[in-house]
Amino acid sequence: MIHILTTGGTIEGLDYVDGKGITQSNVTIQSFLESANIDFDYTIKSVFKKDSRAITDEDRAQLVCKINESAATKILITHGTFTMEDTAKYIGKLNLNKTIVLVGSFILGSSAETDAPFNLGYALSSLQLLKPDVYIAMNGQIFNWNNVSKNLETNKFERNDQ
Ligand SMILES: NC(=O)C[C@H](N)C(=O)O
């Protein structure tokens with residue numbers, strides 16, 4: 001059983017334009033999974049719907065509550081890319097003894113060119129194979145929570161020790 005927690009971000013078609021958050025989107029993580037004909041047991045829950053620049057430590061604490069409440073030991077978190085590494089660190093430091101993978105997209109989930117379905121597939125596959133810890137699955141790579149940064153110039157995630 002995989003438990004999916006959604007938090008907003010570009011992957012859900014949410015973004016900031018002119019300093020204002022766009023909260024209306026016709027994209028759902030569920031619809032991506034349905035179009036891929038996913039055939040394993042999963043549950044999906046929206047924890048909040050925010051551009052990740054607006055996520056606070058209170059939001060992160062709420063996310064941790066949902067992780068702890070879940071009977072699943074494999075958790076996927078969909079999240080905006082800007083502060084994904086902060087949320088990964090926040091959760092990683094807690095040693096929750098579950099496999100937790102965070103994933104997002106660089107191109108709006110509502111756009112035809114979105115990287116969302118590929119990233120979701122890659123993250124869900126990795127989630128089933130990885131040992132308990134917290135990871136980011138982006139750019140076709142797996143990053144450990146304590147060794148990852150988003151490079152704002154290249155718009156890619158990279159290892160800190162690279
Ligand atoms: N690519 C993204 O997800 C950026 C987005 N605006 C965010 O929530 O961080």
Side-chain angles (χ1 to χ4, degrees), residues 2-36 38 42 44-67 74-94 99-127 130 134-160 162:
I2 289 181
H3 192 43
I4 302 172
L5 298 171
T6 68
T7 69
T10 296
I11 192 163
E12 282 192 78
L14 305 176
D15 216 339
Y16 267 48
V17 171
D18 300 332
K20 287 203 197 109
I22 299 175
T23 51
Q24 288 305 313
S25 162
N26 53 7
V27 172
T28 63
I29 301 300
Q30 177 97 42
S31 59
F32 287 128
L33 300 181
E34 278 166 13
S35 5
I38 292 292
Y42 68 89
I44 185 158
K45 188 173 183 59
S46 169
V47 186
F48 44 83
K49 242 179 182 347
K50 284 188 170 185
D51 180 286
S52 74
R53 285 165 283 193
I55 293 177
T56 63
D57 276 354
E58 284 74 44
D59 295 325
R60 294 187 175 101
Q62 197 194 344
L63 198 51
V64 169
C65 277
K66 300 291 175 212
I67 295 169
K74 294 194 178 288
I75 311 270
L76 183 81
I77 300 173
T78 62
H79 196 289
T81 58
F82 271 111
T83 65
M84 188 181 283
E85 65 190 77
D86 302 329
T87 301
K89 285 190 184 83
Y90 184 101
I91 302 170
K93 284 180 186 156
L94 301 174
T99 306
I100 299 167
V101 174
L102 289 93
V103 67
S105 76
F106 291 108
I107 302 167
L108 274 179
S110 48
S111 151
E113 283 81 42
T114 185
D115 49 337
F118 173 85
N119 292 353
L120 275 173
Y122 179 71
L124 279 165
S125 162
S126 305
L127 179 66
L130 288 163
V134 179
Y135 308 89
I136 282 179
M138 287 298 291
N139 302 106
Q141 292 195 74
I142 293 296
F143 301 92
N144 195 266
W145 65 271
N146 61 11
N147 189 9
V148 60
S149 304
K150 182 178 170 183
N151 183 326
L152 292 174
E153 273 160 37
T154 59
N155 224 13
K156 284 182 184 159
F157 283 83
E158 51 192 36
R159 270 171 252 293
N160 298 333
Q162 232 168 22

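Order of listing sets the numbers, starting from 1, for every ligand and every atom in it. Heads up: numbering here begins at 1 and tracks the sequence. Here the structure is a predicted model, which means the values were calculated and not measured.
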Might you point out which heavy atoms bring I75 and L5 nearest each other, and give the distance in Å? CG2-CD1, 3.9 Å
Proximal ligand 1 atoms for G80, defined as those under 4.0 Å from one of its heavy atoms: 3 (O), 7 (C), 8 (O), 9 (O)
Under 4.0 Å between a side-chain nitrogen and a carboxylate oxygen: does that hold for D86 and K89? no
Do V148 and M138 have side chains that approach each other closer than 4.5 Å (heavy atoms only, starting at C-beta)? no
What atoms of ligand 1 come closer than 4.0 angstrom to any heavy atom of R53? 6 (N)
When only distance counts, is F82 in polar contact with ligand 1, meaning an N/O pair under 3.5 Å? yes
Backbone of R53 reached by a side-chain donor or acceptor of D51 within 3.5 Å: yes
Ligand 1 N/O within reach of D51 N/O, cut-off under 3.5 Å: yes
With nothing but distance in play, are any N or O atoms of S52 less than 3.5 Å from an N or O of ligand 1? yes
Sub-4.5 Å side-chain heavy-atom contact between I29 and E12: yes
Side-chain (T10) to main-chain (I107) donor-acceptor, under 3.5 angstrom: no
Using side-chain contact (heavy atoms from CB on, under 4.5 Å), reason through V47 and I77 one step at a time and then give a plain yes or no. CA-CA 10 Å; V47 186; I77 300 173; over 6 Å; no
Quick one: does S105 get within less than 4.0 Å of ligand 1, heavy atoms only? yes
Is there a polar contact between ligand 1 and T83, counting only N or O atoms under 3.5 Å apart? no
Does K50, backbone or side chain, put an N or O under 3.5 Å from an N or O of ligand 1? no
Residue G9 vicinity, atoms of ligand 1 by number, heavy atom under 4.0 Å: 8 (O)
